[in-house]
Amino acid sequence: MNPLNPLNPLNPPNPPNPLDPLKSLNPLAVGLLNFRDAALAADPGGTRVRRGVLYRSAQPFPAADSHTADGLRAADVRTVIDLRSAEERRPEDWQALRGAGIEIVEAPLEAVGEAVAGELAALRTDADLGRFYASLAEAAPDALVAAVGAAARPGAALVHCAAGKDRTGLLTALLLELLGVPDESIADDYVRTADELPLILAALAERVGAGPLNRLPGGGTQEGVGTPGGGAGMPDGPVIPAPLLAAPRVAILTFLRLTGERHGGAGAFLRGCGVLDGVIEEFRAKAGRAPAATPSR
């Protein structure tokens, strides 16, 4: 099982509030779970990030259709940045966008390497999840170069992975920091995924034909107790850490703190990965509002 694509149907969430001011474009208009403009929660005053430039979502369930293509075109999305691995992608996922003037850029952020595997094995707490994000980002410089380059292209960009939480969350956090958004405000965007996780995790389970991961003897459920394969209500697979099934604020704040401590911030980190200064400035010019869009790091 891909650890970045956990499957865990939970109880249905409360229905969305149609008057929610943080949803400028209704997810129903594009048919994507967890779809939102990252600027709305991260920069509600509109002082650092332009609206309608950086969107994020989960992967399409079951696949994008003409309704999705029309909605994305209406949002001026010209680039979709797919952070999933090859084994997660399906040819039909974005087939409806072919010929619609929307390019799909594949930039797989994969959990490979000893450091990443070690962080994943040790993952127990919300802070551990942030350390995992840091190791994951450090292990995938080529993917980050491709993703940031795609985000800097003209038109709006949509970033997604499977749930639109972990890989999408860390890339979105780096991009928002490039625009001068404070860590706590970046976290305000990240945690909004929690609202839709029940639906997302149920959709992920249905996509691969899996049962609940959190089934307990007697029919109850609990986050993070196991993977498919257990009999008589008792899962027999490895335990999925609870933070992977949530969107804890501490996780993204830990990631940002470590990026600052280890690399000097998002800008220095991305340059170290190979992102050119010109690409960073193109993204800032496109997505930022001067002067806050040109931080020193």
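All residue numbers refer to positions in the sequence shown, counting from 1.
Residues Phe61 and Leu199 are not in side-chain contact: their nearest non-hydrogen atoms beyond the backbone lie 4.5 Å or more apart. Looking at heavy atoms from C-beta onward, Arg257 lies out of side-chain contact with Phe255 at the 4.5 angstrom threshold. Contact of the Leu97 side chain with the Glu103 side chain is not registered, since no non-hydrogen atoms from C-beta on lie closer than 4.5 Å. The closest side-chain heavy-atom distance from Leu40 to Arg192 is not below 4.5 Å. Within the 4.5 Å cutoff, side-chain heavy atoms of Leu123 are placed close to those of Pro243. Side-chain contact between Arg207 and Arg90 is present, with at least one heavy-atom pair separated by less than 4.5 Å. Counting heavy atoms from C-beta outward, Thr68 and Trp94 have side chains that approach closer than 4.5 Å. Asp70 has its side chain out of reach of His67: every pair of non-hydrogen atoms, C-beta onward, lies at least 4.5 Å apart.
The cluster map of Ile, Leu, Val, Met, Phe, Trp and Tyr, joined by side-chain heavy atoms under 4.5 Å apart, puts Phe132 and Val250 in different clusters. Grouping the Ile, Leu, Val, Met, Phe, Trp and Tyr side chains by contacts below 4.5 angstrom, directly or via other members, places Val116 with Leu174. Hydrophobic clustering (side-chain heavy atoms under 4.5 Å, transitive across Ile, Leu, Val, Met, Phe, Trp, Tyr) keeps Leu258 apart from Leu171. Leu120 and Val112 are assigned to two separate hydrophobic clusters, defined by single-linkage of ILVMFWY side chains at heavy-atom distances under 4.5 Å.
Classification of Arg271 and Asp277 as a salt-bridged pair holds, one side-chain N sitting under 4.0 Å from a carboxylate O.
Between the side chain of Glu88 and the main chain of Ser85, a donor-acceptor pair closer than 3.5 Å is present. Panel note: side chain Arg262, backbone Ala134; no donor-acceptor pair is recorded below 3.5 Å. When atom types are taken as modelled, the side chain of Glu196 and the backbone of Leu33 share no donor-acceptor pair closer than 3.5 angstrom. Judged by distance alone, the side chain of Lys286 and the main-chain N or O of Ala151 form a donor-acceptor pair under 3.5 Å. Using modelled atom types, one side-chain atom of Arg89 and one backbone atom of Arg84 make a donor-acceptor pair closer than 3.5 Å. In this structure a side-chain-to-backbone donor-acceptor pair under 3.5 Å is missing from Arg50 to Ala39. Checked by atom type and distance alone, the side chain of Arg289 pairs as donor or acceptor with a backbone atom of Gly46 at under 3.5 Å. For Asp43 (side chain) and Arg48 (main-chain N/O), a donor-acceptor pair under 3.5 Å exists by modelled atom type. A donor-acceptor pair under 3.5 Å is formed between the side chain of Asn34 and the backbone N or O of Ala163. Side-chain atoms of Thr168 come within 3.5 Å of backbone N or O of Cys161 as a donor-acceptor pair.
Residue Ala69 comes nearest to Ile102 through the heavy atom pair O-CD1, 4.3 Å, listed as atom of the first residue, atom of the second, then distance. Pairing each heavy atom of Cys273 with each of Val145, the nearest pair is O-CG2, 3.4 Å. Heavy atoms only, all atoms of each residue included: Ala64 and Ala96 are closest at O-CB, 3.5 Å.
Only one option out of Leu170, Thr172, Ile252 pairs with Tyr190 in a side-chain contact (heavy atoms from CB on, under 4.5 Å); it is Ile252. Paired with Arg56 under the rule side-chain contact (heavy atoms from CB on, under 4.5 Å), one option of Leu32, Asp37, Thr193 passes, and it is Thr193. No option in Leu54, Val181, Ile186, Ile280 other than Leu54 meets the side-chain contact (heavy atoms from CB on, under 4.5 Å) test with Leu175. The residue from Lys165, Arg249, Arg36 that alone fulfils the salt bridge (charged side-chain N to carboxylate O under 4.0 Å, His left out) condition with Asp189 is Arg36. Paired with Val159 under the rule side-chain contact (heavy atoms from CB on, under 4.5 Å), one option of Ile81, Val80, Val105, Asp82 passes, and it is Ile81.
Around atom CD of Glu261, more than 12 heavy atoms belonging to other residues, nucleotides or ligands sit under 6.0 Å away.
Residues passing the side-chain hydrogen bond (donor to acceptor under 3.5 Å, both in side chains) test with Glu119, sequence neighbours excluded: none. Contacts of Phe269 classified as ring-ring contact (aromatic ring centres under 6.0 Å, His included), with partners at least two apart in sequence or in another chain: His263.
Rounded to the nearest 0.5 Å, atoms CD (Glu106) and CG (Leu83) are 11.0 Å apart. Taking CZ of Arg131 as the start and OG1 of Thr125 as the end, the distance is 5.5 Å to the nearest 0.5 Å. Here the straight-line distance linking atom CG of Leu158 with atom NE2 of His160 works out to 6.5 Å at 0.5 Å rounding. In this structure, CD in Glu110 is found 11.5 Å from CG in Asp142, a value given to the nearest 0.5 Å.
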Legend entry - side-chain contact (heavy atoms from CB on, under 4.5 Å) evaluation trace for Leu144 with Leu270: CA-CA 7 Å; Leu144 291 174; Leu270 291 171; 4.2 Å; yes
